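For reference, the structure is listed below as C-alpha cells.
Nothing fancy with the numbering, it's 1 onward along the sequence. Every value quoted in this text rests on a predicted model; they were computed, and no experiment measured them.
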Amino acid sequence: MKALLSRQPGGPETLTLEEIPDPSPGPGEVRIGVRAVGVNFPDLLIIQDLYQIKPPRPFSPGGELAGIVEALGDGVANLKVGDRVLVSPVRSAMAEKAIAHAGNCWKIPDSMPFDDAAALLMTYGTSQHALKDRANLRVGETLLVLGAGGGVGLAAVELGKSMGARVIAAASSAEKLALAREHGADDGVQYPAGALDKNAARALTDSFKAACGAQGAHVIYDAVGGDYSEAALRAIAWQGRHLVVGFTAGIPKLPLNLPLLKGCEVVGVFWGEFTHRFPAQHAANVAALMALYVDGKIKPAVTERFPLARGGEAIARLGSRSARGKVVVTVG
C-alpha cells in the first residue's frame, strides 16, 4: 500500500509517499480501507515532534479517517467486513490502509459522504466536549469563538447555536467571518493577524466587549492562543468560562489577576484524553453528534480536498493559518 511517511522531524515538506506492506489487525483491531482523512493542527505538530504524543518513526500523520472495514482481528464483534465507518482517534491515517481499535470505530449512515465523516469527529467532538462537558454552556448565554473560520471553530459556532447560545465569531479575515456567519454566527469580530502590541490588544478587547454586550462573553472558546487570549479574557463575563482548546498562534501567558477580578474560570479541554478516561460518556456524545448531523443541524465545512500524494500541502495549509473550515485528504 501507499503511505505518506514521516521519517525525521520536520515540516510538511519532509513527508514522503512510499510503498509499504499492508498492515494486519491484531486482537481487538480492524483494518480500514481509507477513503478520506481529516487534517487537523496536531498533524503539523506531531511531524515536528512538538505534540504531546511522539509515535515511533516511521509513521503517517492523520488522527481521524473514514473508510470501509476490510479485515477483523480476533475478538471483534461490533463490526463486520464492508461496514462504512469513521475512526477517531487513530494513528497513521494518511495511507491507503490503516489499523484501528474497534472501539474507536463508529458506523456511519449510507447518506454520509466519506469526506464529511472524516471531518466530523475530532472537530465536533472537541467542541462538543468543550461546550457541553467543560463549560456547561446554557441557553441564552453569549459564546465568543476565537478562530471561528477553522474546523474546530466552525464546529463550536454550530454547536453553540444548537445549544441556544448567542454566538460571536472572531477570525482573522472577512472571508472566515462570512463562513462563520453562514454556519450560524450572530455577529463577528475581525482581528489582525500576527502579534498584537498593547494598543492593538486593547482595541481588540474593546471590539470583543462591543460585540458581546454589557455582560461580556459567558463562554470563550479559544483555539488560537497567542496575544488573542488575554484580549478575549478581558472581555469575559463575571463567572465566565475561558476554554483552552489550542494554540495556533502560540501558547499565551495570562495574568492571573484577571480570573480573580472576573471571578471566572480558565478551563482546559483535552478531548483525546477524555475519550480514553470516559468511554461511555464519549459514546453518548458521539451518538448525539450523529443525531445532529442526520437532523441537518451540523455539517462539516469541507472547503479543500487534496489527494494522498499532496497530503503535506494539506497540512501546510493549517500551518499558514490560511485554511477555512476543514481540509481533507482523499484516498483512492
* To do: Check whether NZ of the Lys or CZ of the Arg Arg91 lies under 6.0 Å from the centre of the six-membered ring of Phe59 and within 45 degrees of that ring's axis.
  => no
Hey, are the side chains of [X] and [Y] touching, using non-hydrogen atoms and a 4.5 Å cut-off?
X: Leu254; Y: Leu233; result: yes
X: Val39; Y: Phe306; result: no
X: Val85; Y: Ile68; result: no
X: Pro61; Y: Leu15; result: yes
X: Glu18; Y: Arg7; result: yes
X: Leu258; Y: Glu230; result: yes
X: Glu70; Y: Val81; result: no
X: Val69; Y: Leu72; result: yes

Give the cluster check for [X] versus [Y]: same hydrophobic cluster or not, with ILVMFWY residues linked at side-chain heavy-atom distances below 4.5 Å.
X: Leu131; Y: Leu289; result: yes
X: Val157; Y: Tyr293; result: yes
X: Leu243; Y: Met163; result: yes
X: Ile99; Y: Ile53; result: no
X: Leu17; Y: Val331; result: yes

Exercise: identify the closest heavy-atom pair between [X] and [Y]:
X: Ala102; Y: Asn78; value: O-ND2, 3.6 Å
X: Val328; Y: Ala119; value: CG2-CB, 4.2 Å
X: Arg57; Y: Ile46; value: NH2-O, 3.9 Å
X: Ser127; Y: Ala156; value: OG-N, 3.6 Å
X: Asp43; Y: Gly62; value: OD1-N, 3.1 Å
X: Pro259; Y: Val266; value: CG-CG2, 4.1 Å

Under the ring-ring contact (aromatic ring centres under 6.0 Å, His included) rule, collect the residues that match up with [X], sequence neighbours excluded.
X: Tyr191; value: Tyr228
X: His282; value: Trp106, Trp271
X: Phe208; value: none

Pairwise distance [atom1]([X]) to [atom2]([Y]) - rounded to 0.5 angstrom:
X: Leu137; Y: Gln128; atom1: CG; atom2: CD; answer: 12.0 Å
X: Lys54; Y: Asp49; atom1: NZ; atom2: CG; answer: 6.0 Å
X: Trp238; Y: His218; atom1: CH2; atom2: NE2; answer: 13.0 Å
X: Cys105; Y: Asp83; atom1: SG; atom2: CG; answer: 9.5 Å
X: Ile220; Y: Ile236; atom1: CD1; atom2: CD1; answer: 4.0 Å
X: Lys209; Y: Thr205; atom1: NZ; atom2: OG1; answer: 6.5 Å

Verify, without hydrogens or angle tests, whether [X] (side chain) and [Y] (backbone) share a donor-acceptor contact under 3.5 angstrom.
X: Ser92; Y: Ser60; value: yes
X: Asn104; Y: Val87; value: no
X: Asp186; Y: Arg166; value: no
X: Arg324; Y: Gly151; value: no
X: Glu29; Y: Gly26; value: yes
X: Asp227; Y: Ala195; value: no
X: Asp197; Y: Ala200; value: yes

* **Tyr221 vs Leu144, side-chain contact (heavy atoms from CB on, under 4.5 Å): CA-CA, chis, key distance, verdict** => CA-CA 6 Å; Tyr221 183 98; Leu144 173 62; over 6 Å; no
Before accepting this row, confirm whether a basic side-chain N of the pair [X]/[Y] lies closer than 4.0 Å to the acidic partner's carboxylate O.
X: Arg31; Y: Asp22; value: no
X: Lys2; Y: Glu19; value: yes
X: Glu64; Y: Lys326; value: yes

* Asked: Between Arg241 and Glu141, is a salt bridge (charged side-chain N to carboxylate O under 4.0 Å, His left out) present by the stated rule, with each step listed?
  -> CA-CA 11 Å; Arg241 290 85 77 200; Glu141 289 191 318; 2.8 Å; yes
* To do: Mind checking salt bridge (charged side-chain N to carboxylate O under 4.0 Å, His left out) for Glu158 and listing every partner two or more places apart, or none if nothing turns up?
  => none
* **Full working for side-chain contact (heavy atoms from CB on, under 4.5 Å) between Gln8 and Thr14** => CA-CA 7 Å; Gln8 61 186 17; Thr14 64; 4.3 Å; yes
* To do: Determine which pairs satisfy salt bridge (charged side-chain N to carboxylate O under 4.0 Å, His left out) with at least one residue from residues 286-309, sequence neighbours left out, and list them in order.
  => Asp115-Arg305, Asp116-Lys299, Glu304-Arg317
* Could you verify whether a donor N or O on one side chain and an acceptor N or O on the other, from His242 and Asp222, lie under 3.5 Å apart? => yes
* To do: Return yes if a side-chain donor-acceptor contact under 3.5 Å exists between Arg35 and Thr330, otherwise no.
  => no
Which donor-acceptor pairs under 3.5 Å do side chains of residues 273-281 form with protein atoms, sequence neighbours excluded?
residue	atom	partner	partner atom	Å
Glu273	OE2	Arg277	NE	2.9
Thr275	OG1	Gly272	O	2.6
Gln281	NE2	Asp133	OD1	3.1

* Take Val189 and Leu204 through the test side-chain contact (heavy atoms from CB on, under 4.5 Å) and record every step on the way to the result. => CA-CA 9 Å; Val189 174; Leu204 182 55; 4.1 Å; yes
* Around atom NZ of Lys161, are there more than 12 heavy atoms of other residues, nucleotides or ligands at under 6.0 Å? -> yes
* Identified side-chain contact (heavy atoms from CB on, under 4.5 Å) counterpart of Thr123 within the set Leu154, Val152, Ile298 -> Val152
* Using side-chain contact (heavy atoms from CB on, under 4.5 Å) as the criterion, point out the one residue from Ile108, Leu86, Val286 that pairs with Leu120. => Leu86
* side-chain contact (heavy atoms from CB on, under 4.5 Å) between Lys262 and Asn257, worked out -> CA-CA 9 Å; Lys262 299 281 190 173; Asn257 64 313; over 6 Å; no
